[in-house]
Amino acid sequence: MSAIPTVTLNDGTWFPELGLGTYNLRGEEGIAAIVAAIDSGYRLLDTAVNYENEREVGEAVRRSGVDRRELLVASKIPGRHHGRQEAIDSIKGSLDLLGIDRIDLQLIHWPNPSVGKYVDTWRGLVEAREQGLVRSIGVSNFTEDQLTELIEETGVVPAVNQVELHPYFPQEKLRAFHATHGIRTESWSPLARRSELLTEQILTELAAVHDVTPTQVVLRWHTQLGSTPIPKSADPDRQRENADVFGFTLTDDQLAAISALERGRLWDGDPLTHEEM
């Protein structure tokens, strides 16, 4: 398996085209799973305060033996920590649990619109970056209107927006907005788990054509759309399969056929309850 390629974010820093979701990877088994992923070439590790496994992710980074500069640790501020100073304090708490001196990508986990403090929270992330606590800053589950408000109020464009994205919900309009503003799209629930996605005829047919699995077809679809998927797996063989998607290329017609599976979002309500997918 070749190395996972990287792209350059709008702040000039590097970012892998595929990463590891770590939801529910806890304890010694979780640490071992994350170390296995690093051994297989993963360099982006996606965690969050709400995942309650930042300690495990940090320990996996130390046990891996890989140079810290080659790894990108991402975490997320929960809704209960919204506000400028609250965000900074949350980041410091994450740093303590991770056992690292800087978070590579810090996201606001979701806008928490009923509270309405996401602009102040964003100002806290900007300040944390200025203090050297984080390298890059972004958001998760933000709409086009919410992104526009952040940019207009602060003049700072998020580097990343992590959203639900899969062939059933390709988010064409939001991705176009991201592209216009230089925001990197990141996909949670990239395989639409707990759905029949991987049995769709177009995916099984394309898997046969390219001599890969339907899972690999979907993940390659993500990367060719310009989005970074973060599939979660604790199984080393599955981790390697998920990352080994850069040796074939889908045609424009094949990409369009996959996107034509669109039926809308699968996870209604609070998105934080579905990111294990």
Side-chain angles (χ1 to χ4, degrees), residues 1-6 15-48 51-67 70-74 162 164-168 186-225 227-250 254 258 261 266 274-277:
M1 187 185 79
S2 58
I4 295 172
T6 63
F15 193 65
E17 291 191 35
L18 185 145
L20 179 74
T22 69
Y23 182 92
N24 251 1
L25 296 182
R26 301 191 186 104
E28 282 300 317
E29 290 185 357
I31 294 170
I34 299 166
V35 170
I38 296 172
D39 289 344
S40 293
Y42 286 81
R43 293 297 179 261
L44 167 60
L45 310 174
D46 180 81
T47 184
Y51 297 174
E52 299 180 345
N53 69 348
E54 290 174 306
R55 192 181 303 278
E56 284 88 339
V57 170
E59 182 60 26
V61 167
R62 287 183 287 277
R63 291 188 193 179
S64 73
V66 173
D67 190 314
E70 295 182 19
L71 298 172
L72 196 157
V73 177
Q162 183 186 119
E164 179 188 348
L165 199 158
H166 43 72
Y168 287 153
E186 190 176 15
S187 311
W188 63 259
S189 190
L191 301 172
R193 293 202 184 279
R194 300 184 190 172
S195 76
E196 64 274 19
L197 174 65
L198 298 178
T199 65
E200 292 282 359
Q201 183 177 353
I202 183 61
L203 297 179
T204 58
E205 288 178 352
L206 289 176
V209 167
H210 293 282
D211 193 25
V212 295
T213 66
T215 293
Q216 289 172 310
V217 170
V218 173
L219 293 174
R220 187 59 173 141
W221 172 84
H222 281 276
T223 64
Q224 287 189 232
L225 290 184
S227 182
T228 292
I230 46 171
K232 185 212 108 176
S233 177
D235 179 81
D237 290 335
R238 182 60 59 82
Q239 290 172 349
R240 286 190 289 272
E241 174 189 325
N242 289 348
D244 189 16
V245 299
F246 298 97
F248 68 100
T249 301
L250 299 167
Q254 291 170 345
I258 296 170
L261 293 171
L266 297 182
H274 302 303
E275 291 191 28
E276 69 272 24
M277 305 303 175

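From a predicted model like this one, the values you see are computed outputs, not experimental measurements. Residue numbers count from 1 along this sequence.
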S.K.: I would like to know whether V218 and L203 meet side chain to side chain contact (heavy atoms under 4.5 Å, CB included); could you show each step before the answer?
M.R.: CA-CA 8 Å; V218 173; L203 297 179; 3.6 Å; yes

S.K.: Quick one: side-chain hydrogen bond (donor to acceptor under 3.5 Å, both in side chains) partners of T213, sequence neighbours excluded?
M.R.: Q216, E241

S.K.: Show, in sequence, the C-alpha distance, side-chain angles and deciding distance for T215 and L198, and conclude whether the side chain to side chain contact (heavy atoms under 4.5 Å, CB included) test is met.
M.R.: CA-CA 7 Å; T215 293; L198 298 178; 3.4 Å; yes

S.K.: My understanding is that only residues two or more places apart in sequence, or in another chain, count here; which of them pass side-chain contact (heavy atoms from CB on, under 4.5 Å) with D237?
M.R.: D235, R240

S.K.: Nearest 0.5 Å, what's the CD-OG1 distance between Q162 and T228?
M.R.: 10.0 Å

S.K.: Using 30° and 60° as the class boundaries, would you call the ring planes of H210 and F248 parallel, tilted or perpendicular?
M.R.: tilted

S.K.: Who pairs with R43 by side-chain contact (heavy atoms from CB on, under 4.5 Å), at least two apart in sequence or on another chain?
M.R.: W14, P16, I38, V66, E70, L71

S.K.: Looking only at heavy atoms, which two atoms of S195 and Y168 are closest? And how far apart?
M.R.: OG-CE1, 3.7 Å

S.K.: Taking only residues two or more places apart in sequence or in another chain, which ones pass side-chain hydrogen bond (donor to acceptor under 3.5 Å, both in side chains) with S187?
M.R.: H222, S227

S.K.: Between E56 (side chain only) and G27 (backbone N and O only), is there a donor and an acceptor less than 3.5 Å apart?
M.R.: yes

S.K.: Taking only residues two or more places apart in sequence or in another chain, which ones pass salt bridge (charged side-chain N to carboxylate O under 4.0 Å, His left out) with D211?
M.R.: none

S.K.: Suppose we screen for side-chain contact (heavy atoms from CB on, under 4.5 Å). Which residues come up paired with T249, at least two apart in sequence or across chains?
M.R.: R220, Q224

S.K.: Sequence neighbours left out, what passes side-chain hydrogen bond (donor to acceptor under 3.5 Å, both in side chains) with N242? Give chain and number order.
M.R.: none

S.K.: Of the non-hydrogen atoms in L18 and A243, which two are nearest, and what is the gap between them?
M.R.: CD2-CA, 4.1 Å

S.K.: So how far is it from I258 CD1 to L250 CG, rounded to the nearest 0.5 Å?
M.R.: 5.0 Å

S.K.: Closest heavy-atom contact between N53 and A48?
M.R.: OD1-O, 4.3 Å

S.K.: Which pair of non-hydrogen atoms, one from Q239 and one from S233, has the smallest distance, and what is that distance?
M.R.: NE2-O, 2.8 Å

S.K.: For A234, check side-chain contact (heavy atoms from CB on, under 4.5 Å) against everything at least two apart and list the hits.
M.R.: L25, A33

S.K.: Heavy atoms only: give me the nearest P229-P190 pair and the separation to one decimal.
M.R.: CB-CB, 3.7 Å

S.K.: Say you draw a straight line from CD1 of I202 to CG of L197; how long is it, rounded to the nearest 0.5 Å?
M.R.: 11.5 Å

S.K.: Output the distance between atom CG (D46) and atom CH2 (W188), rounded to the nearest 0.5 Å.
M.R.: 12.0 Å

S.K.: To the closest 0.5 Å, what do you measure between CD1 (I4) and CG (D244)?
M.R.: 9.5 Å

S.K.: Considering non-hydrogen atoms only, spot the tightest contact between A37 and L20 and give its length.
M.R.: CB-CD2, 3.6 Å

S.K.: Show me the pairs that pass salt bridge (charged side-chain N to carboxylate O under 4.0 Å, His left out) and involve residues 22-37, at least two apart or across chains.
M.R.: E28-R63

S.K.: What residues, two or more places apart in sequence or in another chain, satisfy side-chain hydrogen bond (donor to acceptor under 3.5 Å, both in side chains) together with E17?
M.R.: none

S.K.: Report the distance from atom CG of L266 to atom CD of E164, rounding to the nearest 0.5 Å.
M.R.: 5.5 Å

